Every structure is written in C-alpha cells, then in structure tokens.
Asks: 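I have a structure I would like to understand better, so I am pasting it below and will then ask my questions one at a time.
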Amino acid sequence: MAAAVVKSRIQCPVDFDREGRQAAYLRAPLSRNTSGWGAVEIPIVVLKNGKGPTVLFTGGVHGDEYEGPIAISKLARRLDPAQIQGRVILMPAVNMPAVLSDVRLSPVDGRDINRCFPGNPRGTFSEMLAHFMDSILLPHVDVSVDLHTAGHSMESALSTNMHYVEDAAIRERTMAMAAAFGAPYNAVFWGVDEGATFTSSVERQGKISVGTELGGWGRVNIEGVRIGERGLTNVLKACAVMEGKPDTVQRDGSPATRHMMVRDPGNFLFARHSATYEPINLAGDVVHAGELAGRLHFIEDIDRDPVEVRYATSGVLWMAPGPGRVHRGDCIGVVMQDYDPVAAAS
C-alpha cells in the first residue's frame, strides 16, 4: 500500500505553469501570542516563457548572509519574461525570520534550516519550510543555485561550491555549471555535516546543485555582490534560458574559475580551546603544512601562554576565521587544494 502524500502547510499562490511574471508571497503559518492565525510572508518571483529548463535561485537560507539576497532581488526586479526561454524561480529571502533578525538560525525555533532537509510538514517552522522546498518546489527544478556566504562565523574566498556526487555525468555537469557561474574558485568538498542540507535534497532528486560562498564576517562584500549578480546571469546563459555566453573572466585577468577540492579532513582547523583567536592569514592566501595559522590567546589569564594553531595541509585558505572570540570546537579555517580527479575518487 502506497504511503499517503503529506501536503505542505505553506500556502503558495503562484502557478508554476503560468506564462509571464508572477511576484507573490508564500504564507508559512506561524501562530504567536499576538496573532493566532499569523503567517510569515516569504517573497517568490516566477517568470515563464515557453518551454525550456527551470532554474531556481535561492538566497537568505541563513539570515546573516547578504550578497545572495541582494543579487537575487536585483535580478528579480529587472528580469523580463521576454528575455528568457524556460522558467526562472527566484527566492531572495528563504528564511525570512532569520533575514529580518540578521542571524544564521531561525529565531522562531532556533534551528538551522540548512540542517533540516528534507523536512517535515508537521515539524517545527524550519522543518515545515524545508519540506516545502524539498517536496513542492524542487520537483519543478532542473538547476538550483543557492547563494551563501560565511555569515558572521568566517570569511570565504569568493567561490562556488558543490559536493562530490558519485554520478559522474551529474558531477561533470555540476562542475561545468559552477565554471559558468564564474567565481574565482569552485570548491568540490566533502562536508562536515551535509546530509540534511538543501544541496543534498537537490542531489537526491538528481538535479544540478551549485552553492556559493561570496563573503562573510558579517558585512556586505562588494566584489561578492558583483560576482553573484554576474553569476546568476551566467547560469541562465549556460542553461540557454537567456541568450549569450557566460562572462567568466576574473578581475586579475584569469580566464576561468579555478577548480579546487576539500577532501582531506586535515583541511579543517578547529579551536581546541575557548579563547581569543589571532589569525595569520586571510581567505585566498596560499598556506603550507606546518605553518602557523594563528594563536589562541587566553586574555583572562595574564601569564598563560597562547596556544599555536598550525596548518595540517598545504593549499589555498578557503575559509578564514571571522570573530575574534572562538569556542572549543569552532571551525577556524578550511584549506582547499587544486582539484585532482584521481584523488577525489579515492
């Protein structure tokens, strides 16, 4: 006997098959003390013109990551259905409560929605929203581009990113789409906690999933916004949803994206103590195994010597630490190496 399909509790006023442009708000129910029948309104724009691929652009999955919402909002305002062949779905602020509160986690339930997929329609607010994204939205989608930055926790080298997917054809198509996006780097990575992310949901459905890391440290990265805006248009061109060829030339004159990987667990640096962290390098710096990465200072203990942190691997610093005060177990650096298909498959 087939399992019953559980409907989403989120109201979606758009018709994904309707031609033209629709700008509306998803209504996610949120009962609160001042409004028993209250809802959170989440903006969505859908443009459709004839037949062609469907491309999904999402931002604001974490509320303290600004470049994606800016870039997607700008595109949503200027893009005209007559410019496309196919369908484009834009959600600049997926996690609206977190966006309005300028925080990574939802202030409604304290959850990271990007650790809640595939979600649960009867679960917490974040689980309910994840279920909508996974079960209602993604079946329409061929290519997903989810714009992130490192938020308040770290600073990233400007990059796209993707998981190493086992299906070679999908992996190659994903790498090609990342290259078309045109960020300086594309990081193929094996994550610390990735099974419940939006990216994993897209991959489980056999779709192309590209993410980004376009800044961090709790500020708007000007170059990150530029790369994000250009990248969205590049993806539409690469999918033949828009006419033209992607522009992938970098500011330093490099003609293309540099493919990297984060394969070795030793690429991740973690704080061994709660302390004030003094980093040595910025994101994008070349680093070497054994070199000093930073010092953990115990400001509260005047005569206690700092603890040195050293790199275990050589490469380019993908993620550099953001806040000065860190806690034991915090990630305080991620190193990436040039992509090696043989090493990646091992």
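Not measured: the values here are computed from a predicted model.
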Asks: Kindly give the heavy-atom pair with the smallest separation between S135 and P139, and that separation in Å.
Replies: O-CG, 3.3 Å

Asks: Can you tell if the side chain of S156 reaches within under 4.5 Å of the side chain of M319, non-hydrogen atoms only?
Replies: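 Yes. Closest side-chain heavy atoms under 4.5 Å.
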
Asks: Indicate, with yes or no, if M133 and V46 share a hydrophobic cluster defined by side-chain heavy-atom contacts under 4.5 Å among Ile, Leu, Val, Met, Phe, Trp and Tyr.
Replies: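 V46 and M133: one cluster.
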
Asks: Any non-hydrogen side-chain atom of M162 less than 4.5 Å from a side-chain atom of M175?
Replies: yes

Asks: Between side-chain atoms of residues 33-44 and protein atoms elsewhere (two or more places apart, or another chain), which donor-acceptor pairs fall under 3.5 Å?
Replies:
residue	atom	partner	partner atom	Å
S35	OG	G38	N	3.2
E41	OE2	R27	NH1	2.7

Asks: Apply the side-chain contact (heavy atoms from CB on, under 4.5 Å) test between N49 and each candidate in R21, E19, R87; give the one that qualifies.
Replies: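 Answer after filtering R21, E19, R87: E19.
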
Asks: How many angstroms lie between atom CZ of F198 and atom CG of L138, to the nearest 0.5 angstrom?
Replies: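 These two atoms lie 4.5 Å from each other.
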
Asks: What I want to find out is whether R171 reaches E203 closely enough, with some N-O distance under 4.0 Å, to be called a salt bridge.
Replies: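 Salt bridge between R171 and E203, a charged N being under 4.0 Å from a carboxylate O: no.
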
Asks: Could you list the cluster mates of V342? Members are the ILVMFWY residues connected by side-chain heavy atoms closer than 4.5 Å, either directly or through other members.
Replies: none

Asks: Could you measure the distance from the OG1 atom of T160 to the CG atom of L214? Nearest 0.5 Å is fine.
Replies: 8.5 Å

Asks: Taking all atoms of both residues into account, what is the closest heavy-atom pair of G329 and F270, and its distance?
Replies: O-CD2, 3.4 Å

Asks: Say you draw a straight line from CZ of R230 to OG1 of T248; how long is it, rounded to the nearest 0.5 Å?
Replies: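 Between atom CZ of R230 and atom OG1 of T248 there are 6.5 Å.
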
Asks: Take atom CZ of R173 as the centre, draw a 6.0 Å sphere, and report whether it contains more than 12 heavy atoms from other residues, nucleotides or ligands.
Replies: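 For R173, atom CZ is not crowded (no more than 12 foreign heavy atoms under 6.0 Å).
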
Asks: What is the minimum heavy-atom distance between N234 and A180, and which atoms define it?
Replies: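 For N234 versus A180, the nearest heavy atoms are CB-O, 3.0 Å.
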
Asks: What distance do S201 atom OG and L137 atom CG have between them, rounded to the nearest 0.5 Å?
Replies: 11.0 Å

Asks: Are the side chain of D330 and the backbone of A271 linked by a donor-acceptor contact shorter than 3.5 Å?
Replies: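 No; judged by distance alone, with no hydrogens or angles, the pair does not exist.
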
Asks: Is a salt bridge present between R104 and D112, judged by a nitrogen-to-oxygen distance below 4.0 Å?
Replies: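 A salt bridge links R104 with D112.
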
Asks: Take atom CD1 in I222; do more than 12 heavy atoms of anything else shown fall under 6.0 Å from it?
Replies: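 Atom CD1 in I222 is not crowded, with 12 or fewer foreign heavy atoms closer than 6.0 Å.
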
Asks: Indicate if L26 and V45 have the same hydrophobic cluster label, given that clusters are the connected sets of ILVMFWY residues with side-chain heavy-atom separations under 4.5 angstrom.
Replies: no

Asks: So, the side chain of E213 versus the backbone of A150: is there a donor-acceptor pair under 3.5 Å, distance only?
Replies: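 Flag set: sc E213 to bb A150 pair under 3.5 Å.
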
Asks: Less than 4.5 Å apart, any side-chain heavy atom of F125 and any of R111?
Replies: no

Asks: I need the H297 NE2 to E278 CD distance, nearest 0.5 Å.
Replies: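 Reported to 0.5 Å precision, the distance equals 4.0 Å.
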
Asks: Under 4.5 Å between any side-chain heavy atoms of R115 and T197, yes or no?
Replies: yes

Asks: Which Ile, Leu, Val, Met, Phe, Trp or Tyr residues join I280 in one cluster when any pair of side-chain heavy atoms under 4.5 Å counts as a link?
Replies: L292

Asks: Before giving the answer on side chain to side chain contact (heavy atoms under 4.5 Å, CB included), spell out for D142 and I208 the whole-Å C-alpha distance, their side-chain angles and the decisive distance to 0.1 Å.
Replies: CA-CA 7 Å; D142 298 300; I208 301 300; over 6 Å; no

Asks: Assess whether side chain to side chain contact (heavy atoms under 4.5 Å, CB included) is satisfied between M260 and F189, documenting all intermediate values.
Replies: CA-CA 8 Å; M260 311 295 287; F189 74 106; over 6 Å; no

Asks: Testing the 3.5 Å rule here: is there a donor-acceptor pair between the side chains of H131 and N120?
Replies: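 No pair is found: no donor N or O on one side chain lies under 3.5 Å from an acceptor on the other.
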
Asks: Can you tell me if D64 uses its side chain to pair, donor with acceptor, with the backbone of H152 under 3.5 Å?
Replies: yes

Asks: Under the side-chain hydrogen bond (donor to acceptor under 3.5 Å, both in side chains) criterion, do N161 and S159 qualify, and how do the steps go?
Replies: CA-CA 6 Å; N161 61 71; S159 56; 5.2 Å; no

Asks: Please check: side-chain N/O of E155 versus main-chain N/O of L282, any donor-acceptor pairing under 3.5 Å?
Replies: no

Asks: Quick check for you: to the nearest 0.5 Å, what is the distance between T212 atom OG1 and L158 atom CG?
Replies: 9.5 Å

Asks: In this structure, are over 12 heavy atoms from other groups packed under 6.0 Å from R328 atom CZ?
Replies: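 For R328, atom CZ is not crowded (no more than 12 foreign heavy atoms under 6.0 Å).
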
Asks: Test salt bridge (Lys or Arg N to Asp or Glu O under 4.0 Å) on R258 and D338; report intermediate values, then the result.
Replies: CA-CA 8 Å; R258 182 178 174 185; D338 284 296; 2.8 Å; yes

Asks: Could you tell me if the side chain of V141 sits less than 4.5 Å from the side chain of Q205, heavy atoms only?
Replies: no

Asks: Is there a path of hydrophobic side-chain contacts, each under 4.5 Å between heavy atoms of I/L/V/M/F/W/Y residues, joining L56 to I113?
Replies: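 Yes.
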
Asks: In residues 89-101, what donor-acceptor pairs under 3.5 Å come from side-chain atoms, sequence neighbours left out?
Replies:
residue	atom	partner	partner atom	Å
N95	ND2	V61	O	3.2
S101	OG	P97	O	3.1

Asks: If you count the non-hydrogen atoms of other residues, nucleotides and ligands that lie under 6.0 Å from CZ in R122, is the total more than 12?
Replies: no

Asks: Is it the case that more than 12 heavy atoms not belonging to E243 sit under 6.0 Å from its CD atom?
Replies: no

Asks: Give a yes or no on whether F16 and V88 share a hydrophobic cluster (residues Ile, Leu, Val, Met, Phe, Trp, Tyr; joining criterion: side-chain heavy atoms under 4.5 Å apart).
Replies: no

Asks: Report whether F57 and V202 are members of the same hydrophobic cluster (ILVMFWY, side-chain heavy atoms less than 4.5 Å apart, transitive linking).
Replies: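 In one cluster with F57: V202, no.
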
Asks: Begin from the C-alpha positions of M261 and D340 and carry the test side chain to side chain contact (heavy atoms under 4.5 Å, CB included) through to its verdict.
Replies: CA-CA 8 Å; M261 66 181 187; D340 179 346; 3.9 Å; yes

Asks: For E172 and D167, indicate whether the former's side chain and the latter's backbone hold a donor-acceptor pair under 3.5 Å.
Replies: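 Absent.
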
Asks: For a quick test of reading the model, state the closest non-hydrogen atom pair linking Q85 to K51 and the distance between them.
Replies: NE2-O, 3.1 Å

Asks: Indicate yes or no for a side-chain donor-acceptor contact from R263 to the backbone of S346 under 3.5 Å, with no hydrogens or angles considered.
Replies: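 Flag set: sc R263 to bb S346 pair under 3.5 Å.
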
Asks: Return a table of donor-acceptor pairs under 3.5 angstrom between the side chains of residues 65-79 and protein atoms on other chains or two or more places apart.
Replies:
residue	atom	partner	partner atom	Å
E65	OE1	H148	ND1	3.0
E65	OE1	T149	N	3.1
E65	OE2	H62	ND1	3.0
Y66	OH	D102	OD1	2.4
Y66	OH	D102	OD2	3.4
E67	OE2	N221	N	2.6
S73	OG	P69	O	2.7
K74	NZ	E229	OE1	3.4
K74	NZ	E229	OE2	2.9

Asks: Taking all heavy atoms of V108 and all of L30, pick out the closest pair and write down the distance.
Replies: CG1-CD1, 3.5 Å

Asks: Tell me, do V249 and D247 make a side-chain contact under 4.5 Å, heavy atoms counted?
Replies: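 Yes; the side chains approach each other to less than 4.5 Å.
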
Asks: Would you mind reporting whether C331 and F268 have side-chain heavy atoms less than 4.5 Å apart?
Replies: yes

Asks: Of all the heavy-atom pairs spanning A130 and C116, show the shortest one and how long it is.
Replies: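 So the two residues come closest at CB-O, 3.9 Å.
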
Asks: Taking ILVMFWY side chains as joined if any heavy atoms are under 4.5 angstrom apart, and letting links pass through other members, which residues group with L296?
Replies: L269, Y277, V287, F298, V307, V309, Y311, L317, V326, I332, V335

Asks: Is any side-chain heavy atom of V210 closer than 4.5 Å to one of T174?
Replies: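 In short, these two side chains touch, coming nearer than 4.5 Å.
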
